[in-house]
Amino acid sequence: MTAVHLGMPKAQRPTLPTAPAGVGNLRGDRPFPAAARDALRDGQLRANLGAATTTIRGKRAGVVAEVPDWAQLREAGRAIKAATMARLDEHLEELERQVTARGGTVHWARDATEANAIVTALVRATGADEVVKVKSMATQEIGLNEALEAAGITALETDLAELIVQLGEDRPSHILVPAIHRNRAEIREIFARTIPGVDPGLTDDPRRLAMAARTHLRERFLRARVAVSGANFAVAETGTLAVVESEGNGRMCLTLPQTLITVMGIEKLVPTWRDLEVFLQLLPRSSTGERMNPYTSLWAGVTPGDGPQEFHLVLLDNGRTAVLADEVGREALHCIRCSACLNVCPVYERAGGHAYGSVYPGPIGAVLSPQLTGMSGDENDPNASLPYASTLCGACYDVCPVAIDIPSMLVHLRGEHVEAQQRTTPEAAAFRALARVMSHPRLWRLAQRAAGLGRFLARGRPTLPAALPPPASAWTRARDLPTPPRETFTQAWAREHGA
Amino acid sequence: MTARDEVLARIRTALGPERRPPAPVARDYRTTDDRPLPELLDVLTDRLTDYRATVLRCAPDAIGATVTAALDTALGAGWVPGDVVVAPGVPEGWRPAGCTEDDGRPAVELPAFAASLTGVTLAIAETGTLVLDASPVCGRRALSLLPDLLVCVVTADQVVGSVPEGLARLDPLRPLTLISGPSATSDIELQRVEGVHGPRTLVVVLAGD
Ligand code: SF4
């Protein structure tokens, strides 16, 4: 694990534009503690989440354990991503050359507003007023559906979970299974209410519900002229893009329409074709807990006679270069969105995805969202509260397939936030001292045990007086721990789940 | 400044003037799988079955008969050969008599077929993955997507052990589809349901002694 450079003055780093406010879905409207408090009162939500994350943790552990060289693959994944970031400009230029050489068109977007405008103009140029969409974090991040809607274009989500979220006029709560907060009875109710002509005898059997979605979407796939997708990977040296999925809705979108528009964050690329041999092993096992996901589609530009004959790739910054400028924080750009860290996180399991406000929830969201948007010193800045939404137990680091050191990054961002408040009050000084102890999860665990620090924090007692600046003190107050635990959370977690 | 130039300039600013060259990537993970072929065929069968695909093993000279048997089982007696659409490069000996060869008709017509029959370009044993590369024997991508039953023929010489071996043999410029079991979802209470938008049934005819 790398050392954390606490208190590296921001001024020494270049300041680059972060994701603009007022567009997209990177910020909630309330700080995490307030949002989490509501979620904690929702028994149904907690039950759904608890059951789901327990199941998926078990599946992942099983298929990871059967890979004898997992540690080597994980290290290779980390190293490839680090090497990609070190030469990001060159790899992007190469990607652009390759995609263009194979008949695609590459567009660049400084931020969400620009990306939305590009996609809207491309759709308009086709004359279509409806697009089919494959689940994509990037397009959720920029609020593309809302932008298209405003332009009179209907965006139809085709992933089953996204469809559930869209029909329920809801928000996604998990990267991989966005409707994880809904149980089958709720889903049946949403379908019965919103799908035109749905079988009135529809039951809550998952198979029947999936078939209802198949029927609902099939005709729309066949008539769609434009599809919008994200990308899991792009290979710079060949211009090959990859979409990893399960249901086949991705294949429908990538194959049937005349025009394909792919929106991709600039950090999603890998330098060489060979690099995919690492990620196509790491991702499915970490994500759905399968040896391989049912469908992976790979394509380079346009293939005459097979699939879309017009291909556009939109490369999105939206704060990513600001993240890249932070030598500690930049590791958050290595994320392959597997969601393993969500499923092991004790805070996520209780608070749920919505409490994080952003489309990126859980541990990775807690480090990525505030970096993409920047943190203000204002105590009501929702994203400034996110780096505190963690017990620093280290479980996220242990499962991360590309070994992102989320706990150290959280501590680093807490330090950044204190700095953003630009006050050298005793509070900030005390926090800095504490933050130093928190700079390494092992030290943190030792400190918790030695001093009972975790209990003080859990009670929100001012024994370490206002040591945590406002969002954090609110967070500790809001935590749903009725009595001071005899053992620290980390100890309990280790006992229940293995260290 | 164009968006392109600005984003590239931001990256250069972010990385700073003195870039350290990236550390080399150690590829000390497994890149070969030395298990003997019969064992790989067993692993492939096991993995595919685990995804709830049906695997029928046969001798190389019995592919045609096995394909027909697979269609009998999956479609029930009385299926119409013309309702089975085959990729143009599928060898004569694999095809049921009277089947329809894909002639590039509009994709909207493909869901009406009861089944499609294709070959593969290779299969990866460890992950139970078939790879189709849009070559004549695999057919265009829509062919293996729209009919509700997909029958894929894999010959033993096409089977590799691991993902790295598989990718090394593929052409990254072709449209590639990696298929590991039938279409599936786990979006409702994480309960796996086979068959959402892609073929609900996958039958693999694995030929080799
Ligand atoms: S941070 Fe790591 S574990 Fe979390 S989603 Fe990203 S890749 Fe997966």
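Worth knowing before you read on, the calculation uses all heavy atoms, side chains too, and leaves out hydrogens, waters and symmetry mates. Keep in mind that what you see is a predicted model, and the values were worked out from it rather than measured. Letters A, B, ... are given to chains in the order of the sequence lines, protein chains preceding strands, and every chain is numbered from 1.
Of the atoms belonging to B/Asp133, not a single heavy atom falls under 4.5 Å from chain A. Neither the backbone nor the side chain of A/Thr54 comes within contact range of chain B; no heavy atoms are under 4.5 Å apart. For a residue to count as touching a neighbouring chain, one of its non-hydrogen atoms must lie under 4.5 Å from one of that chain's; by this rule A/Glu247 touches chain B with backbone and side chain alike. The part of B/Thr31 that comes within reach of chain A is its side chain, from C-beta onward, which places non-hydrogen atoms under 4.5 angstrom from that chain. Looking at A/Ile56, both its backbone and its side chain come within 4.5 Å of chain B, counting heavy atoms on both sides. Looking at A/Thr158, the atoms closer than 4.5 Å to chain B (heavy atoms on both sides) all sit in the backbone: N, CA, C or O. Contacts of B/Arg30 with chain A are made by both backbone and side-chain atoms, with heavy-atom separations under 4.5 Å. With a 4.5 angstrom heavy-atom cutoff, A/Glu90 touches chain B only via side-chain atoms. Residue B/Glu165 does not touch chain A at all, counting heavy-atom pairs closer than 4.5 Å. Using a 4.5 Å cut-off between heavy atoms, A/Arg207 touches chain B through backbone and side chain atoms alike. Heavy atoms of A/Leu276 lying under 4.5 Å from chain B belong to its backbone as well as its side chain. In this structure, chain B has a heavy atom under 4.5 Å from the side chain of A/Thr303, while its backbone stays farther away. Heavy atoms of A/Glu66 lying under 4.5 Å from chain B belong exclusively to its side chain. Contacts between B/Pro199 and chain A at a heavy-atom distance below 4.5 Å involve backbone atoms as well as side-chain atoms. Within the 4.5 angstrom heavy-atom criterion, only side-chain atoms of A/Ile266, from C-beta onward, approach chain B. The contact between A/Ile187 and chain B is made entirely by side chain atoms (from C-beta outward), counting heavy-atom distances below 4.5 Å. When heavy atoms are compared at a cutoff of 4.5 Å, B/Ala142 approaches chain A by way of both its backbone and its side chain.
The choice from A/Ala86, A/Ala82, A/Ala300 that makes the most heavy-atom pairs within less than 4.5 Å of chain B is A/Ala86. Put simply, of A/Ile180, A/Val278, A/Leu16, the one with the most heavy-atom pairs under 4.5 Å next to chain B is A/Leu16. Contact tally against chain A (heavy-atom pairs below 4.5 Å) for B/Arg47, B/Glu194, B/Glu126: the top residue is B/Arg47. Heavy-atom pairs under 4.5 Å with chain B were tallied for A/Ala79, A/Ala109, A/Pro294; the largest tally goes to A/Pro294. Ranking A/Pro17, A/Ala71, A/Ala242, A/Ala322 against chain B, the residue ahead of the rest is A/Pro17, based on heavy-atom pairs under 4.5 Å. The residue among A/Pro206, A/Gly239, A/Gly250, A/Ala76 with the most heavy atom pairs within less than 4.5 Å of chain B is A/Pro206. Contact tally against chain B (heavy-atom pairs below 4.5 Å) for A/Arg330, A/Glu75, A/Glu96: the top residue is A/Glu96.
Note that the CD1 atom of B/Ile11 and the CZ atom of A/Arg320 stand 11.5 Å from one another [nearest 0.5 Å]. For the atom pair CZ (B/Arg200) and CE (A/Met211), the distance works out to 5.0 Å, reported to the nearest 0.5 Å. The OG1 atom of B/Thr185 sits 7.0 Å away from the CG atom of A/Asp159 when rounded to the nearest 0.5 Å. Here CG of B/Leu110 is found 9.0 Å from CG of A/Leu222. Values are rounded to the nearest 0.5 Å. Separating the CH2 atom in A/Trp108 from the CG atom in B/Leu8 is a distance of 4.0 Å, to the nearest 0.5 Å. To the nearest 0.5 Å, atom NE2 of residue B/His197 and atom CE of residue A/Met252 are 7.5 Å apart.
For the pair A/Lys135 and B/Asp187, the salt-bridge criterion is not met [side-chain N within less than 4.0 Å of a carboxylate O]. With respect to the salt-bridge test (charged N to carboxylate O, under 4.0 angstrom), the residues B/Arg12 and A/Glu93 qualify. With salt bridges taken as basic N to acidic carboxylate O contacts below 4.0 Å, one links A/Asp275 and B/Arg27.
Two residues are said to be in side-chain contact when any heavy atoms from C-beta on lie closer than 4.5 Å; A/Met292 and B/Val163 meet this criterion. Residues B/Thr127 and A/Arg285 are in side-chain contact: their nearest non-hydrogen atoms beyond the backbone lie under 4.5 Å apart. At least one side-chain heavy atom of B/Leu167 sits less than 4.5 Å from a side-chain heavy atom of A/Leu280. Residues A/Arg291 and B/Ile124 are not in side-chain contact: their nearest non-hydrogen atoms beyond the backbone lie 4.5 Å or more apart. Counting heavy atoms from C-beta outward, A/Thr288 and B/Arg192 have side chains that stay 4.5 Å or more apart. In this structure the side chain of B/Ile179 reaches within 4.5 angstrom of the side chain of A/Tyr295, judged on heavy atoms. Taking 4.5 Å as the limit, every side-chain heavy atom of B/Leu176 sits out of range of all side-chain heavy atoms of A/Thr240. Using a 4.5 Å heavy-atom cutoff, the side chains of B/Pro172 and A/Val235 are not in contact.
For the pair A/Arg218 and B/Pro111, the tightest heavy-atom approach, listed with the atom from each and the gap, is NH1-CB, 3.7 Å. Between A/Glu277 and B/Pro164, the shortest heavy-atom contact is OE1-CB, 3.5 Å. A/Arg214 and B/Val196 make their closest contact through NH1-O, 2.7 Å (heavy atoms, listed as atom of the first residue, atom of the second, distance).
With hydrogens and angles disregarded, no donor-acceptor distance shorter than 3.5 Å links the side chain of B/Tyr51 to the backbone of A/Glu290. Between the B/Arg141 side chain and the A/Leu256 main chain, no donor and acceptor come within less than 3.5 Å of each other. Using modelled atom types, no side-chain atom of B/Arg140 and backbone atom of A/Gly307 make a donor-acceptor pair closer than 3.5 Å. Judged by distance alone, the side chain of A/Arg184 and the main-chain N or O of B/Ile188 form no donor-acceptor pair under 3.5 Å. A donor-acceptor contact shorter than 3.5 Å is absent between the side chain of A/Asn183 and the backbone of B/Glu189.
The number of heavy atoms from other shown groups lying within 6.0 Å of CZ (B/Arg105) is above 12.
The closest side-chain donor-acceptor pair between B/Ser144 and A/Arg251 falls under 3.5 angstrom.
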Side chain to side chain contact (heavy atoms under 4.5 Å, CB included) between B/Arg19 and A/Asp89: does it pass, once the steps are laid out? CA-CA 12 Å; B/Arg19 290 197 202 183; A/Asp89 48 348; 2.6 Å; yes
